[in-house]
Amino acid sequence: MRDVSVIGAGMVRFGKQPDKTLAEIAWPAVKQAIDDAGVSKPEIEAAWCGTALGGMMSGQRILKAVGLTGLPIVNVENACSSSSSAFREAWIAVAGGLYDVALVIGVEKLTRFGGGTLPLEREDFEVAHGMTMPALYGMRAKRYMHDYGLTPEQLAMVAVKAHDHGALNEDAQYRNRITVDEVMAARPIADPFTLLHCCPSGDGAAALVIAADSVAGRYSGKPVRVLASELASGKYMTGFRDMTTPEITVRGAKKAYEMAGVGPEDVDVAEVHDAFTIAELLYYEALGFCERGDAAGLLEDGETSLGGRIPVNPSGGLLSKGHPIGATGAAQMVEIVRQLRGECGGRQVEGARVGLTHCTGGGISGFDHGACSIHIFRN
């Protein structure tokens, strides 16, 4: 397997864009990534497009708008892990020598559904009986609070941190700072969550150009090495499931660290799947940033804030940056690439050398999550 680097990154601001088509949302991010890489369009040999709900031939519709047609285009659906799964497939093809340069797109237009919770598959047993993602994560939060003494105030602090970081990100859907009191007083959604405990829905896109290291020097984009690309699927379990530990992330993180030759102590900055406040705390533990039950202490001590030991979600995360689900994995990678290049301005993590992205996809009965992708990068 050849070494592979990201040489171009692009992203559009997340938000509600009901008047734009999927292609109109995505093509500016693609153009930005191509320009950032300094490649000509004929040099891009293949493309992968990740989207969960974007419809048929999403990649072809997007690339038609930038005049990039005729090449192999693969469309990937893996729930919230769609574009990070697309990235893994592109990485395998380049690392394996099939292509030298490839494009990855992540895109979603959730305003087409008119708001509300994500549309899940009604044929699923739990979904058919009323399970939604806020309800599922609400149960996780209640169980964690029972087992480890997490307080409502501590849970609200996750959202406060996210918005503090998001206020510094021009691509974030929400750039307003909030307080613990505001989080707790917001409209109730699913106990113990209020609206501000939950990520917003919206539209958005991100894109990356990757290349084999043997050819990356030909282009102007500053390369960031891919140390690990790990994708795990959930294990089906009947009966009791421990909702306080995401086993798929624990399992995937172990493999990703082994592939990269690093440990959690080596990670300087991370983007994790904080679709709900409790999720970020669970992932601190699952990714090895702290021991079981210690996540709230890590947060309260400022260790996961900008200036702390391991800043998590300097972009604002899903809670503030937004979560157009198919775009999220690629957007996390754009943030980490820019962090490792030192391009993030007021939210820059000083001295960042190793970065991690983590994106899960769930919503089916019997699984912790259906998919989990973890990537590790180094400048």
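Computed over heavy atoms, backbone and side chain alike; hydrogens, waters and symmetry mates excluded.
Judged by distance alone, with hydrogens and angles left aside, the side-chain atoms of Ser315 form a donor-acceptor pair with the main-chain N or O of Gly317 at under 3.5 Å. Looking only at distances, no side-chain donor or acceptor of Tyr284 sits under 3.5 Å from a matching main-chain atom of Asp294. Counting only distance, with no hydrogens or angles, the side chain of Asp147 and the backbone of Tyr144 share no donor-acceptor pair below 3.5 Å. The closest donor-acceptor contact from the side chain of Gln154 to the backbone of Glu300 lies at 3.5 Å or more, if one exists at all. Without hydrogens or angle criteria, Arg88 side chain to Ser229 main chain gives a donor-acceptor distance under 3.5 Å. Judged purely by atom type and a 3.5 angstrom limit, Lys41 uses its side chain to pair as donor or acceptor with the backbone of Val66. When atom types are taken as modelled, the side chain of Glu153 and the backbone of Val180 share no donor-acceptor pair closer than 3.5 angstrom. A donor-acceptor pair is defined here as one N or O able to donate and one able to accept, closer than 3.5 Å; no such pair exists between the side chain of Ser233 and the backbone of Ala371. Distance alone, capped at 3.5 Å, is enough to place a donor-acceptor pair between the Asp36 side chain and the Ala9 backbone. Side-chain atoms of Glu285 never come within 3.5 Å of backbone atoms of Leu282 as a donor-acceptor pair (strictly under, hydrogens ignored).
In this structure, CD on Glu89 lies 10.5 Å from CH2 on Trp91, to the nearest 0.5 angstrom. With rounding to the nearest 0.5 Å, the separation of CZ in Arg112 from CG in Leu22 is 8.0 Å. For the atom pair Ile278 CD1 and Lys142 NZ, the distance stands at 11.5 Å (nearest 0.5 Å). Rounding to the nearest 0.5 Å gives a distance of 12.5 Å between NE2 of His163 and CG of Asn169. Interatomic distance, CD of Glu258 versus NZ of Lys254, reported as 4.0 Å (0.5 Å rounding). Note: Leu68 CG to Leu63 CG = 5.0 Å, rounded to the nearest 0.5 Å.
In this structure, the side chains of Lys109 and Pro324 stay at 4.5 Å or more apart for every pair of heavy atoms. Counting heavy atoms from C-beta outward, Leu319 and Thr277 have side chains that approach closer than 4.5 Å. Asn313 places a side-chain heavy atom less than 4.5 Å from the side chain of Glu280. Proximity of Gln173 to Ser320: side-chain heavy atoms (C-beta onward) are nowhere separated by under 4.5 Å. Residues His197 and Leu155 form a side-chain contact, since some pair of their non-hydrogen atoms from C-beta on lies under 4.5 Å apart. For the pair Leu103/Trp48, no side-chain contact is recorded, criterion being any heavy-atom separation below 4.5 Å from C-beta on. By the 4.5 Å heavy-atom criterion applied to side chains, Arg251 and Lys235 are counted as neighbours. Residues Gln32 and Val30 have side chains not in contact (no heavy-atom distance under 4.5 Å, counting atoms from C-beta outward).
Under 4.0 Å is where a charged nitrogen must lie from a carboxylate oxygen, and between Asp100 and Arg218 no such pair does. Ionic pairing of Glu24 and Arg61 is not present here: no N-O contact between side-chain nitrogen and carboxylate oxygen is shorter than 4.0 angstrom. The pair Arg292-Asp242 meets the salt-bridge criterion, with a side-chain N (NZ, NE, NH1 or NH2) lying under 4.0 Å from an Asp/Glu carboxylate O. Of the charged side-chain nitrogens involved, none lies within less than 4.0 Å of a carboxylate oxygen, so that Glu170 and Arg175 do not count as a salt-bridged pair.
In the hydrophobic cluster analysis, where Ile, Leu, Val, Met, Phe, Trp and Tyr join through side-chain heavy atoms closer than 4.5 angstrom, Phe289 is grouped together with Leu299. Hydrophobic clustering keeps Val269 apart from Val354 (ILVMFWY residues linked when any side-chain heavy atoms are closer than 4.5 Å, directly or through intermediates). In this structure, Leu340 is not a member of the same hydrophobic cluster as Val262, with clusters built from ILVMFWY side-chain heavy atoms closer than 4.5 Å. Leu298 and Leu150 fall within a single hydrophobic cluster, where Ile, Leu, Val, Met, Phe, Trp and Tyr side chains are chained together by heavy-atom contacts under 4.5 Å. Note on Leu227 and Phe87: separate hydrophobic clusters, where clusters join Ile, Leu, Val, Met, Phe, Trp and Tyr whose side-chain heavy atoms are under 4.5 Å apart, directly or indirectly.
Counting heavy atoms of neighbouring residues, nucleotides and ligands inside a 6.0 Å radius, atom CE of Met237 exceeds 12 of them. Dense packing is recorded around NZ of Lys16, with more than 12 heavy atoms of other residues, nucleotides or ligands lying under 6.0 Å away. Other residues, nucleotides and ligands place more than 12 heavy atoms under 6.0 Å from the CE atom of Met1. Within 6.0 Å of CD in Glu291 there are 12 or fewer heavy atoms belonging to other residues, nucleotides or ligands.
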Kindly indicate, with the supporting measurements, whether the criterion side chain to side chain donor-acceptor pair (under 3.5 Å) is fulfilled by Thr51 and Glu77. CA-CA 6 Å; Thr51 181; Glu77 185 280 310; over 6 Å; no

Could you give me the CA-CA distance, side-chain angles and deciding distance for Val107 and Cys49, then say whether side-chain contact (heavy atoms from CB on, under 4.5 Å) is met? CA-CA 8 Å; Val107 63; Cys49 178; 4.0 Å; yes

Output, in order, the C-alpha distance, side-chain angles, deciding distance and verdict of side-chain contact (heavy atoms from CB on, under 4.5 Å) for Val209 and Val101. CA-CA 7 Å; Val209 177; Val101 180; 3.9 Å; yes

Between Asp171 and Arg13, does a salt bridge (charged side-chain N to carboxylate O under 4.0 Å, His left out) hold up when you go through it step by step? CA-CA 4 Å; Asp171 290 326; Arg13 183 176 180 180; over 6 Å; no

Worked check of side chain to side chain donor-acceptor pair (under 3.5 Å) between Asn379 and Gln339: CA-CA 9 Å; Asn379 66 7; Gln339 286 285 348; over 6 Å; no

Show your reasoning for whether side-chain contact (heavy atoms from CB on, under 4.5 Å) applies to Lys321 and Tyr174. CA-CA 6 Å; Lys321 181 182 84 247; Tyr174 293 121; over 6 Å; no

Between Asp268 and Arg378, does a salt bridge (charged side-chain N to carboxylate O under 4.0 Å, His left out) hold up when you go through it step by step? CA-CA 10 Å; Asp268 299 308; Arg378 184 181 66 202; over 6 Å; no

Begin from the C-alpha positions of Arg341 and Val224 and carry the test side-chain contact (heavy atoms from CB on, under 4.5 Å) through to its verdict. CA-CA 8 Å; Arg341 288 175 168 180; Val224 172; 4.0 Å; yes

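Results of the side chain to side chain contact (heavy atoms under 4.5 Å, CB included) test with Val94 over Ile210, Asp3, Asp213 single out Ile210 as the only residue that passes. Shown are Cys359, Ser83, Ser84, Ser373; of these, the side chain to side chain contact (heavy atoms under 4.5 Å, CB included) with Gln332 is made only by Cys359.
When all heavy atoms of Ser58 and Asn75 are compared, the closest pair comes out as N-OD1, 3.6 Å. When every heavy atom of Ala256 is checked against every heavy atom of Ala228, the shortest pair comes out as O-CB, 3.4 Å.
Taking the centre of each ring, His273 and His323 come in below the 6.0 Å mark. A centroid separation of 6.0 Å or more is found between the aromatic rings of Tyr137 and Phe193.
Using the six-membered ring where Trp is involved, Phe377 and His375 have ring planes that are parallel, under 30° apart on the 30 and 60° scheme.
Using modelled atom types and a 3.5 Å distance limit, the side chains of Asp203 and Thr111 yield a donor-acceptor pair. Residues Tyr283 and Thr249 have side chains that never bring a donor and an acceptor to within less than 3.5 angstrom of each other.
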